[in-house]
Protein chains: 2
Amino acid sequence: MVIWFWCGVIITTMEFEKIADILKALADPTRLKILSLLRVRDCCVCELVPIFNISQPAISKHVSRLKTAELVRETRKGQWVFYSINEKRLEEIGYALFHLPDLSEDLRELEQQGLTVICE
Amino acid sequence: MVIWFWCGVIITTMEFEKIADILKALADPTRLKILSLLRVRDCCVCELVPIFNISQPAISKHVSRLKTAELVRETRKGQWVFYSINEKRLEEIGYALFHLPDLSEDLRELEQQGLTVICE
DNA sequence: TACATAAATAACAATATGGTTATATGGTTT
DNA sequence: AAACCATATAACCATATTGTTATTTATGTA
């Protein structure tokens with residue numbers, strides 16, 4: 001497995017499936033707004049609810065999705081569960097976008113199979 | 001609208017909806033692999049088909065999705081349509097992830113409404 | 001213990017996504 | 001013109017997503 005060093009963080013190259021899963025967790029306006037709010041400070045679900053026009057279970061499911069993708073972490077404080085952003089994970093996914101795997105080999109194989117389109 | 005300069009590219013802050021739309025276009029393993037292939041060189045649909053285990057219309061729809069998100073551009077050459085990656089768009093979305101809007105104001109309003117959870 | 005509050009889960013509905021096969025469209029070649 | 005090839009679109013299906021309301025679980029308090 002190829003290992004890169006970036007922003008002082010050790011990041012291993014991720015599979016397309018895994019990158020796609022994390023991007024899916026990011027690819028929702030509500031979840032992007034939740035992440036933006038968590039960048040200001042840690043929040044609990046009951047604080048997030050009045051900011052959005054959706055129900056408490058909906059918010060709960062959104063943060064759960066972010067937690068599965070390891071984009072946020074949770075800490076229980078009494079009856080509240082506070083969520084915090086995992087900046088490293090965000091860096092990782094940004095890194096993955098800029099450093100997608102080199103698939104030159106796949107195109108070389110295509111050429112060997114005579115499937116390349118030569119067009120001028 | 002706030003304007004940032006980054007990597008020499010002028011980028012305007014995007015709305016959550018728009019960022020989410022582009023991330024949705026990215027959030028699929030097939031489309032990520034297509035983008036990785038296009039980073040090596042421009043390809044037409046008939047070259048991409050044998051690399052994946054899905055039908056020609058499926059590939060066609062994937063590149064169409066990428067085109068709508070402006071992540072790729074198309075150029076017709078005779079009977080072929082060649083797709084090329086739009087690196088700037090990829091930079092923009094990476095930028096957007098690292099520079100999500102500052103929502104301090106939303107949390108200040110929450111506090112003014114007495115909805116902040118004080119917890120020690 | 002009983003009750004209140006926070007958060008998660010269950011069950012469900014509407015819509016989006018990602019694949020299929022069949023067909024239409026655009027351009028090339030005979 | 002007719003046949004051919006590349007690509008796009010249409011119609012369809014299975015599954016995923018994102019919301020809802022009702023209920024359960026966990027914790028704190030009277």
Side-chain angles (χ1 to χ4, degrees), chain A residues 16-17 20-35 37-38 42-69 71-84 110 114-120, chain B residues 16-18 20-35 38 42-69 71-84 110 114-120:
Chain A
F16 291 122
E17 292 277 358
D21 279 347
I22 299 164
L23 287 172
K24 273 179 191 153
L26 279 170
D28 177 89
T30 302
R31 289 194 290 271
L32 284 173
K33 189 166 179 180
I34 290 174
L35 283 178
L37 288 161
L38 295 184
D42 298 358
C43 293
C44 55
V45 171
C46 69
E47 287 178 315
L48 295 173
V49 170
I51 295 173
F52 297 87
N53 283 326
I54 56 176
S55 64
Q56 173 267 315
I59 296 290
S60 200
K61 279 201 287 185
H62 279 302
V63 292
S64 171
R65 190 98 157 72
L66 290 170
K67 201 181 72 177
T68 301
L71 285 159
V72 303
R73 297 218 172 84
E74 65 170 39
T75 315
R76 182 172 274 278
K77 287 187 184 176
Q79 62 191 146
W80 299 281
V81 176
F82 279 81
Y83 288 89
S84 56
L110 197 76
L115 296 171
T116 298
V117 171
I118 292 117
C119 174
E120 215 45 61
Chain B
F16 291 121
E17 291 276 358
K18 192 174 179 185
D21 279 347
I22 300 165
L23 287 172
K24 271 178 192 153
L26 279 171
D28 177 88
T30 301
R31 290 194 291 271
L32 284 173
K33 188 167 180 180
I34 290 173
L35 283 178
L38 295 183
D42 297 359
C43 293
C44 55
V45 171
C46 69
E47 288 178 314
L48 295 174
V49 170
I51 295 174
F52 297 88
N53 284 326
I54 56 175
S55 65
Q56 172 268 314
I59 296 289
S60 200
K61 277 202 289 183
H62 279 302
V63 293
S64 171
R65 191 98 156 72
L66 290 170
K67 202 182 70 176
T68 303
L71 285 160
V72 303
R73 298 218 172 83
E74 65 170 38
T75 315
R76 181 172 274 278
K77 287 188 182 175
Q79 61 190 143
W80 299 280
V81 177
F82 280 81
Y83 288 89
S84 56
L110 196 76
L115 296 171
T116 297
V117 171
I118 291 115
C119 175
E120 216 46 58

Legend entry - Set of residues satisfying salt bridge (Lys or Arg N to Asp or Glu O under 4.0 Å) with respect to A/Lys33, sequence neighbours excluded: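 Checked A/Lys33 against salt bridge (Lys or Arg N to Asp or Glu O under 4.0 Å); matches are B/Asp106.
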Legend entry - chain A footprint on DNA chain D, 5' to 3' - any atom under 4.0 Å from a heavy atom: D/dT17 to D/dG28
Inset, instruction - Sort and list the pairs that fulfil salt bridge (charged side-chain N to carboxylate O under 4.0 Å, His left out) and have at least one residue in residues 52-61 of chain A, not counting sequence neighbours. - result: none
Legend entry - Inter- and intrachain pairs under side chain to side chain donor-acceptor pair (under 3.5 Å), touching residues 44-55 of chain B, at least two apart: B/Arg41-B/Glu47
Can you sort out the partners of [X] under side chain to side chain contact (heavy atoms under 4.5 Å, CB included), two or more places apart, ordered by chain and number?
X: A/Arg73; result: A/Ser84, A/Asn86
X: B/Thr30; result: B/Asp28, B/Ile34, B/Phe52, B/Ile54, B/His62
X: A/Gln79; result: none

Inset, instruction - Under the side chain to side chain donor-acceptor pair (under 3.5 Å) rule, collect the residues that match up with A/Glu74, sequence neighbours excluded. - result: A/Lys67, A/Tyr83
Atom [atom1] of [X] and atom [atom2] of [N]: how far apart are they, to the nearest Å?
X: B/Leu115; N: C/dT5; atom1: CG; atom2: C1'; value: 14 Å
X: A/Arg76; N: C/dT5; atom1: CZ; atom2: C1'; value: 11 Å
X: A/Lys67; N: C/dA7; atom1: NZ; atom2: P; value: 13 Å

Inset, instruction - Between B/Tyr83 and B/Gln79, just flag the one whose closest nucleotide in DNA chain D comes earlier from the 5' side. - result: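 Result of the comparison: B/Gln79.
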Inset, instruction - Estimate the overall bend of the helix from C/dT1-D/dA30 to C/dT30-D/dA1 from the end axes over five pairs each, rounded to 10 degrees. - result: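 One end's axis against the other's: 10°.
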Could you run down the sub-3.5 Å N/O contacts of the protein with nucleotides 15-20 of chain C?
| residue | atom | partner | partner atom | Å |
| --- | --- | --- | --- | --- |
| C/dT17 | OP1 | B/Arg65 | NH2 | 3.0 |
| C/dG18 | OP1 | B/Asp28 | OD1 | 3.1 |
| C/dG18 | OP2 | B/Arg31 | NH1 | 3.0 |
| C/dG18 | OP2 | B/Arg31 | NH2 | 3.2 |
| C/dG19 | OP2 | B/His62 | NE2 | 2.1 |
| C/dG19 | N7 | B/Lys61 | NZ | 3.1 |
| C/dG19 | O6 | B/Lys61 | NZ | 2.7 |
| C/dT20 | OP1 | B/Ser55 | N | 3.4 |
| C/dT20 | OP2 | B/Ser55 | N | 2.9 |
| C/dT20 | OP2 | B/Ser55 | OG | 2.5 |

